[in-house]
Amino acid sequence: MNFVKIKSLLLKERVVIGLMIFIGLTFLLTWHGHFAGYEKETWQSAENWLHGQYEARRGGLVAVLLYVPFVVVARVLPFLHSERFFSLVPVVYSTIQVAILFYVARKCGASEKVAAGWTVLVTLVSGMWAYSSAGMEYQAGLFLAVVLLALLKWSEQPRAAWWPSVAMTALLATKSYMVLIGLPYVVCLYLGWKKINQSRQFWSFKFLLSAGLVPVLGLILSIGLNWYLFGRLSGSYSLSNEFQIAQWWEGFYGLFFSPGKNVFLYAPLLIATLWLWPRWSRLHLQATVFIFGSLIMIALVNLPFTYWTDETWGPRKFVPILPLLHLPLLLVFSEWTQKKLMVKAAIVIITFVALWVNFLGAAYDYGRLLSVAHAAKLDSLATMRYLPEWSHPFVFNDLLRSYVGRHRDRPIIKEYRESTWFRWVRPGGYDIILREVRLDLSQFDQPSIIWLQPGWRYRVTGGVLLGVWVISGMALYFLIKKPYGPKEKS
């Protein structure tokens with residue numbers, strides 16, 4: 001490829017490059033510089049691979065493979081070999097997901113400007129921001145988007161489905177339960193043929209071979225390695241390490257309605273999509289089937305756990321599908337000038353709330369909630385489920401207020417009181433206080449952002465990053481405003 005072709009490609013993809021730089025810098029500005037959850041386990045598995053010891057735990061084969069290039073670089077440059085360097089891995093792959101989401105929006109018919117605006121917004125309000133530091137879910141999110149993009153591209157001219165099958169294989173190898181996404185994947189392939197009145201082609205041996213051979217071989221390889229090395233199909237990890245099983249309907253309530261863990265609390269703009277899905281589904285049936293099919297499959301596996309999503313930020317197990325659930329917002333952005341003032345105002349208000357909630361999730365390590373709740377003797381599932389003031393967004397908001405107030409000698413005291421109810425109606429009865437908490441938050445309020453840690457090097461580096469981030473945002477704005485090449489039709 002000569003210089004002219006490279007220049008032409010860069011100009012053609014200038015918006016994608018600008019998006020990745022801007023969002024990547026946004027993720028870096030709130031980077032924690034350390035691992036959370038089981039992300040360190042995935043890194044160590046990659047290290048073990050290069051020592052000749054195969055293992056894949058909760059992250060899966062592909063999750064480990066994504067670490068291998070970074071491990072190799074650290075081998076070549078030993079001064080990089082540290083947890084801090086490897087904690088950049090979720091940031092890098094979350095940034096790559098930004099590009100995939102942009103292309104998905106374009107394949108759904110959005111203009112370059114609308115797709116870019118939607119991508120910026122969705123990456124910052126759907127949980128991706130918080131998990132760009134925490135990790136654990138970025139692999140599944142990346143490859144869910146890749147599979148959808150491959151299906152949309154394939155449906156433009158249905159033929160052999162080798163590329164969608166490769167993408168599906170990668171998704172299967174991120175987490176064990178992603179095998180269930182095979183059902184919406186197959187349905188979408190069938191709908192692609194049905195759309196052009198050639199549904200019989202779906203049942204041809206040649207097509208089924210292209211659509212299923214690679215995923216089936218990948219699944220057999222993964223299961224076979226687990227059985228050979230660990231003596232069980234699930235490999236070195238067992239569901240016995242997870243939380244106890246409860247009723248599925250309890251998890252359904254938790255995901256959609258619980259005061260402390262419902263998905264609308266952590267991704268408020270999903271509220272706006274509720275009115276858009278019927279129209280969106282008529283325009284983009286395949287995308288709708290894949291997204292909702294994936295959501296249902298993930299829910300079937302994860303909602304029965306006692307804590308629905310565990311102690312992490314928001315509904316963690318659903319973070320991979322959350323960006324795609326925002327796709328109907330493309331309709332709003334495409335018709336923004338035609339919307340009534342009240343609709344615009346409502347969208348803007350919800351957007352600011354969503355941005356603030358997700359900034360809080362990015363600013364603090366999710367484990368900080370357990371530290372605060374433990375100090376208050378409120379670290380129970382019931383507290384985090386049913387008391388909204390003790391859920392992540394509310395506690396982290398208080399922590400940030402305390403952090404700012406502490407520098408003004410005004411720390412925040414978090415109070416909570418729980419009393420009996422209506423004991424006084426019984427003869428000789430009276431209500432009593434069961435629990436009362438007054439907790440000084442100043443001991444917990446330091447944000448997890450690495451650039452806010454003590455030391456002038458952190459502050460200077462953070463300041464430089466902030467300046468570059470502002471410049472990249474301005475550059476992205478002008479790239480979108482002045483398109484390169486022929487003007488797009490509206």
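In what follows, every heavy atom counts, from backbone to side chain, and hydrogens, waters and symmetry copies are set aside.
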Under the 3.5 angstrom rule, does the side chain of Asn262 hit a backbone N or O of Phe257 as a donor-acceptor pair? no
In sequence, state the C-alpha distance, the side-chain angles, and the governing distance for Leu283 and Leu331, and then conclude on side chain to side chain contact (heavy atoms under 4.5 Å, CB included). CA-CA 10 Å; Leu283 296 171; Leu331 297 174; 3.9 Å; yes
Any side-chain heavy atom of His34 sitting closer than 4.5 Å to one from Lys40? no
Among Phe207, Trp203, Phe202, which residue satisfies the ring-ring contact (aromatic ring centres under 6.0 Å, His included) criterion with Trp193? Phe207
Indicate yes or no: at least one non-hydrogen side-chain atom of Val120 is less than 4.5 angstrom from one of Phe22. yes
At their closest point, which heavy atom of Val357 faces which heavy atom of Leu265, and how far apart are they? CG1-O, 3.6 Å
Donor-acceptor contact present, side-chain Thr273 to main-chain Leu276, <3.5 Å: no
How close do Ser281 and Pro278 get, heavy atom to heavy atom, and via which atoms? OG-O, 2.7 Å
Whether Phe85 and Phe70 hold their rings parallel, tilted or perpendicular, with breakpoints at 30° and 60°: tilted
Working to the nearest 0.5 angstrom, can you tell me the gap between Thr42 OG1 and Phe35 CZ? 8.5 Å
Is there a ring pair (Phe, Tyr, Trp, His ring centres under 6.0 Å) between Phe86 and His81? Walk through the geometry before answering. CA-CA 8 Å; Phe86 289 107; His81 199 279; 5.4 Å; yes
Any side-chain to backbone donor/acceptor pair from His326 onto Leu269? Under 3.5 Å, distance only. no
Under a 3.5 Å distance rule, please check whether Ser165 uses its side chain to pair with a backbone N or O of Ser210 as donor and acceptor. yes
Do side-chain atoms of Tyr185 reach the backbone of Ala211 as a donor and acceptor pair under 3.5 angstrom? yes
Considering all heavy atoms, the nearest Arg316-Tyr38 contact: NH1-CE2, 3.8 Å
For the atom pair CG (Leu191) and CD1 (Ile196), what is the distance rounded to the nearest 0.5 Å? 12.0 Å
At what distance, to the nearest 0.5 angstrom, does CD1 of Ile321 lie from CG of Leu144? 5.0 Å
Check whether Glu39 reaches the backbone of Met136 with its side chain - one donor and one acceptor, N or O, closer than 3.5 Å. yes
Donor-acceptor check, side chain of Ser126 to backbone of Thr123, threshold 3.5 angstrom: yes or no? no
Might you work through the side chain to side chain contact (heavy atoms under 4.5 Å, CB included) test for Leu369 and Phe396, ending with a clear yes or no? CA-CA 8 Å; Leu369 173 65; Phe396 286 4; 4.2 Å; yes
side-chain hydrogen bond (donor to acceptor under 3.5 Å, both in side chains) partner of Trp31, the single match among Ser87, Ser132, Ser448: Ser87
Minimal non-hydrogen separation, Gln139 against Ala63, with atom names: NE2-CB, 3.3 Å
Less than 4.5 Å apart, side chain to side chain, heavy atoms only: is that true for Thr95 and Ile23? no
Trp118 and Leu101: CA distance, side-chain angles, deciding distance, side chain to side chain contact (heavy atoms under 4.5 Å, CB included) verdict: CA-CA 9 Å; Trp118 175 85; Leu101 290 173; 4.0 Å; yes
For the CG atom of Leu65 and the OG1 atom of Thr174, what is their distance to the nearest 0.5 Å? 11.5 Å
Is any side-chain N of the basic residue among Arg106 and Glu112 closer than 4.0 Å to the acidic one's carboxylate O? no
Evaluate the side-chain proximity of Trp280 to Leu330: yes if any heavy-atom separation is below 4.5 Å, no if none is. yes
Measuring from Leu479:CG to Lys113:NZ, what's the distance to the nearest 0.5 Å? 12.5 Å
Can you list the steps and then say if Trp129 with Thr26 is a side-chain hydrogen bond (donor to acceptor under 3.5 Å, both in side chains)? CA-CA 8 Å; Trp129 194 0; Thr26 304; over 6 Å; no
Would you say the side chain of Ile296 lies within less than 4.5 Å of the side chain of Leu183, judging by non-hydrogen atoms? no
Side chain Ser155, main chain Leu152, donor-acceptor under 3.5 Å: yes
Distance from Phe205 atom CZ to Leu208 atom CG, nearest 0.5 Å? 8.5 Å
Of the non-hydrogen atoms in Phe333 and Val114, which two are nearest, and what is the gap between them? CB-CG1, 3.7 Å
Whether the side chain of Arg279 engages the backbone of Trp277 through a donor-acceptor N/O pair (distance < 3.5 Å, no angle test) should be reported. no
With a cut-off of 6.0 Å (strictly less than), are more than 12 heavy atoms of other residues, nucleotides or ligands near CH2 of Trp162? yes
Within the 4.5 Å heavy-atom criterion, are Leu61 and Trp49 side-chain neighbours or not? yes
Taking Tyr138 for its side chain and Val91 for its backbone only, find out whether a donor-acceptor pair lies under 3.5 Å. no
Taking atom CD as the centre, does Glu156 end up with more than 12 heavy-atom neighbours from other residues, nucleotides or ligands that are less than 6.0 angstrom away? yes
Can you label the angle between the His392 ring and the Tyr366 ring as parallel, tilted or perpendicular, going by 30° and 60°? perpendicular
Identify the two heavy atoms, one from Tyr67 and one from Pro90, that lie closest to each other, and give their separation to 0.1 Å. OH-CD, 4.1 Å
Would you say the side chain of Thr312 lies within less than 4.5 Å of the side chain of Tyr131, judging by non-hydrogen atoms? yes
Going through the distances and angles, do Trp154 and Gln286 end up as a side chain to side chain contact (heavy atoms under 4.5 Å, CB included)? CA-CA 11 Å; Trp154 171 84; Gln286 281 178 280; 4.2 Å; yes
Taking the side chain as every heavy atom from C-beta outward, state whether Leu124 and Phe359 have any pair of such atoms under 4.5 Å apart. no
State plainly whether the residues Lys317 and Glu137 are in salt-bridge range, i.e. N to O under 4.0 Å. no
